[in-house]
There are 4 protein chains.
Amino acid sequence: MVTKRDMILEAGIKVFSQKGYHHAKMEDIAVAAGIGKGTIYEYFSSKLQLFQEIMEAGLRQYQESVSTEKISQMGIAERIQKITAGHFYFCQNYKELSRILFWDTDIIDDELKDWFYNKRKEKEGVLEDLIRESIRSGELREVDAKLVTLMIGGILGQIWMPIVLEGWEAEAESTAWQITDLIMNGIVPST
Amino acid sequence: MVTKRDMILEAGIKVFSQKGYHHAKMEDIAVAAGIGKGTIYEYFSSKLQLFQEIMEAGLRQYQESVSTEKISQMGIAERIQKITAGHFYFCQNYKELSRILFWDTDIIDDELKDWFYNKRKEKEGVLEDLIRESIRSGELREVDAKLVTLMIGGILGQIWMPIVLEGWEAEAESTAWQITDLIMNGIVPST
Amino acid sequence: MVTKRDMILEAGIKVFSQKGYHHAKMEDIAVAAGIGKGTIYEYFSSKLQLFQEIMEAGLRQYQESVSTEKISQMGIAERIQKITAGHFYFCQNYKELSRILFWDTDIIDDELKDWFYNKRKEKEGVLEDLIRESIRSGELREVDAKLVTLMIGGILGQIWMPIVLEGWEAEAESTAWQITDLIMNGIVPST
Amino acid sequence: MVTKRDMILEAGIKVFSQKGYHHAKMEDIAVAAGIGKGTIYEYFSSKLQLFQEIMEAGLRQYQESVSTEKISQMGIAERIQKITAGHFYFCQNYKELSRILFWDTDIIDDELKDWFYNKRKEKEGVLEDLIRESIRSGELREVDAKLVTLMIGGILGQIWMPIVLEGWEAEAESTAWQITDLIMNGIVPST
DNA sequence: TATGAATGAGACTTCATTCAT
DNA sequence: TATGAATGAAGTCTCATTCAT
């Protein structure tokens, strides 16, 4: 059952995604949800809190998408592919949310900014550890784990753009494999 | 000679970088520039126009930094390294500008958003063409040029973060070589 | 039998007394009455009307307390004492109502303000006539009846404060006699 | 020179006095001051702060009016008369301020309420001490100082009403003497 | 040219009141 | 009759922009 609260969240995602936090008016969101302006305040205490809830729920959703917990015995390539594919899926299925999470960070509120930044760091930390471990195990060559993390994070951070802004509709699994191949093997011809 | 106009641009960069577009007040900028609030309007017609000028000037500056025109006879690796090093230099020397150009994109104004998006596409187009050509010439293996562009664009798009937010002070040339190596050769051990 | 209407009035007294008219929310009153917000409107047409009813009922109650009708044959001192004692009782037994009637007059509504002001004038008129008559009869010396009324009205108007705000728990009858003594004989030593 | 700040305070006094705190709109005050709505905020940070400043300035003004510092060698009767006359003057010359200070206390803000209540207590404390001392010196008979304070405070607290609401224009000095006489000698004929 | 006091449109939020259940 | 979710009018406050000096 879709509760009114969910309808408001949905409308919030749509409007925040289209207009950004500061240009989104509470009235816009109310109209998008087909309700009165005051009703939003029955469910959320403020514009900021509504946005925070959207961010949090979005991030939870995202984390499910890119979770690799069940695949912990896989090799590094498989894991990178899984994460990439999950990210790809998420961007394709939650275009508006992607835009909010990956772009319109803006400086809305210091606390929120810090929260979001820390979430990002945390995620990167996990990835970096994974890289480091794979280097130790010999699965990867002696590279700078920080830079590799930056590279993988970067490519993921860009993917939403062609998907959301240009309607790119690639097949997630195979594209993720291609990206993984690039990351693993680079772009020079094998000798 | 530093004109008053330049002082305002400088102050704008500082304040927009610190607070983001919407939280930056014209008064803040005036104070930072050491002038009166009204004076800004002698040189810029509006807050948005001031921001646009900063973006444009910033992008011009950036393009000089990453320009590879004088090195058109170089191989693809050298070019990627040059672009990366230029990007790195730019982020290190213009931290505030970097933050504005690479993060706080927000949805300030549709026209500006489109303009910025197109600049980005343009830049990516050049890179993509370069990749494609290098594939044709056999310098690179048969990879998806779009994905490679995404990867290079992504890594560059991320670099400002550790530099600006965490004060990372790596040496530009050698780090750019490391990144180039990652892009070119991937991360698996060479057999 | 305590009707639901009475429960609402009771709750209104409590909440209006604690928070004042403007800070009292209909929801607060509903909660205090243990009913739903909408139910208040089954018995009272608006917040203002509820307040008016409370004022009116409060004033009726007050008038009973200070009524001296049954004691019309008494002398002026006895009457002043009776009124004072009645007032004292009222403040002690209906602290919340006292606060509403004697303090939180605020300018809620012009009509209500006028109504309340007239009630007061009316009461003072009766007192003033009584004074005047007592002067004529020689029971009181040649004083300005208006000023005496002001004095007696003033002292009564203040009494609620120590009682309600500071929990002063004096014995009504004897205190009323002391006050009457002050009014009658002043404060200088008798020669 | 009348500053704009003073104009706003003046307008605030007028509007708060006429409509009470909650019914006074910032726009009303702006219109009364002949300025734009936003201008008020150049001088006062909020509606509440404007009101507080009015209260404080009003109370300062009032305290000057009723100050008896220069007359400390006078007897108790003279002092009561001076205070009463000062109060009378104040009510006559600052009708709107009187209304704000002596009536529309409402429950605007807990802090303000407490502040005002304490000011009142403080003033009463001084008066009560004076009474007590005069009893000790034999100038007054053995009366309850608290009740006398209540009486004097009460009469003063009422005086604004006929002056402000009914336009009573008595002569301050002589009226103050009459009131003092009532307080000192009571209302019964001297035997 | 430079200023900053003044402005008012605009956005968030509150809460008395309504009405479908 | 009783309810409380929904509403939207209304009010405070912000800040980009103007303009008289």
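Bear in mind that the values here come from a model prediction, so they are computed numbers and not experimental data. Only heavy atoms go into these numbers, but all of them, side chains included; no hydrogens, no water, no symmetry mates. Order of the sequence lines fixes the chain letters, A, B, ..., with proteins taken first and strands second; residue numbering starts at 1 for each chain.
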Option among A:Gln52, A:Glu56, A:Arg120 that satisfies the side-chain contact (heavy atoms from CB on, under 4.5 Å) test with A:Trp115:
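Testing A:Trp115 for a side-chain contact (heavy atoms from CB on, under 4.5 Å) against A:Gln52, A:Glu56, A:Arg120 leaves exactly one candidate, A:Glu56.
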
Under 4.0 angstrom between B:Tyr41 side-chain N/O and E:dG4 OP1 or OP2:
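False: B:Tyr41 side-chain N/O out of range (4.0 Å or more) of E:dG4 OP1/OP2.
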
Does B:Glu10 pair with B:Lys4 as a salt bridge, N-O distance under 4.0 Å?
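Not counted as a salt bridge, because no side-chain N and carboxylate O are separated by less than 4.0 Å.
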
Between [X] and [Y] (side chain of the first, backbone of the second, donor and acceptor by atom type, cut-off under 3.5 Å), is there such a pair?
X: B:Tyr21; Y: B:Leu48; result: yes
X: C:Thr39; Y: C:Ile35; result: no
X: C:Asn118; Y: C:Asp114; result: yes

Euclidean distance, atom [atom1] of residue [X] to atom [atom2] of [N] [Å, nearest integer]:
X: A:Asp109; N: E:dC12; atom1: CG; atom2: P; value: 15 Å
X: C:Arg5; N: F:dA2; atom1: CZ; atom2: P; value: 13 Å
X: A:Ile40; N: F:dA5; atom1: CD1; atom2: C1'; value: 14 Å
X: A:His22; N: E:dG10; atom1: NE2; atom2: C1'; value: 14 Å
X: D:Leu50; N: F:dT12; atom1: CG; atom2: P; value: 11 Å
X: C:Met7; N: F:dA2; atom1: CE; atom2: P; value: 10 Å
X: A:Phe44; N: F:dA6; atom1: CZ; atom2: C1'; value: 15 Å

If you take any heavy atom closer than 4.0 Å to DNA chain E, which residues from residues 25-39 of chain A end up in contact?
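Those residues whose heavy atoms fall under 4.0 Å from DNA chain E, taken from residues 25-39 of chain A in numerical order, are A:Lys25, A:Met26, A:Lys37.
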
Quick check for you: among F:dT12, E:dA16, F:dT17, whose closest atom lies nearest to any side-chain atom of B:Lys47?
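Closest nucleotide to the B:Lys47 side chain: F:dT17.
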
B:Lys4 side chain: which of F:dA6, E:dA6, E:dA2 is closest?
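It is E:dA2.
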
Which ranges of DNA chain E pair up as stems, where a stem means three or more consecutive Watson-Crick or G-U pairs with both distances under 3.5 Å?
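Output for stems: E:2-21 with F:2-21.
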
Mapping A:Tyr43 and C:Glu42 to their closest nucleotides on DNA chain F, which lands nearer the 5' end?
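Here C:Glu42 is the residue nearer the 5' end.
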
Is the NZ atom of C:Lys14 crowded by more than 12 outside heavy atoms at less than 6.0 Å?
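Not buried by this count: 12 neighbours or fewer within 6.0 Å.
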
Using a cut-off of 6.0 Å, state whether more than 12 heavy atoms not belonging to B:Glu27 lie near its atom CD.
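Atom CD in B:Glu27 is not packed in, count stays at 12 or less.
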
Do you see a donor-acceptor pair shorter than 3.5 Å between the side chains of D:Glu53 and D:Gln49?
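Yes, a side-chain donor-acceptor pair sits under 3.5 Å.
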
Would you kindly compare A:Ser46 and C:Ser45 by the position of their nearest DNA chain E nucleotide and give the one closer to the 5′ end?
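The residue mapped nearer the 5' terminus is A:Ser46.
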
Between B:Lys47 and B:Phe16, is NZ or CZ placed under 6.0 angstrom from the six-membered ring centre and within 45° of the ring axis?
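Cation-pi check for B:Lys47 and B:Phe16: fails.
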
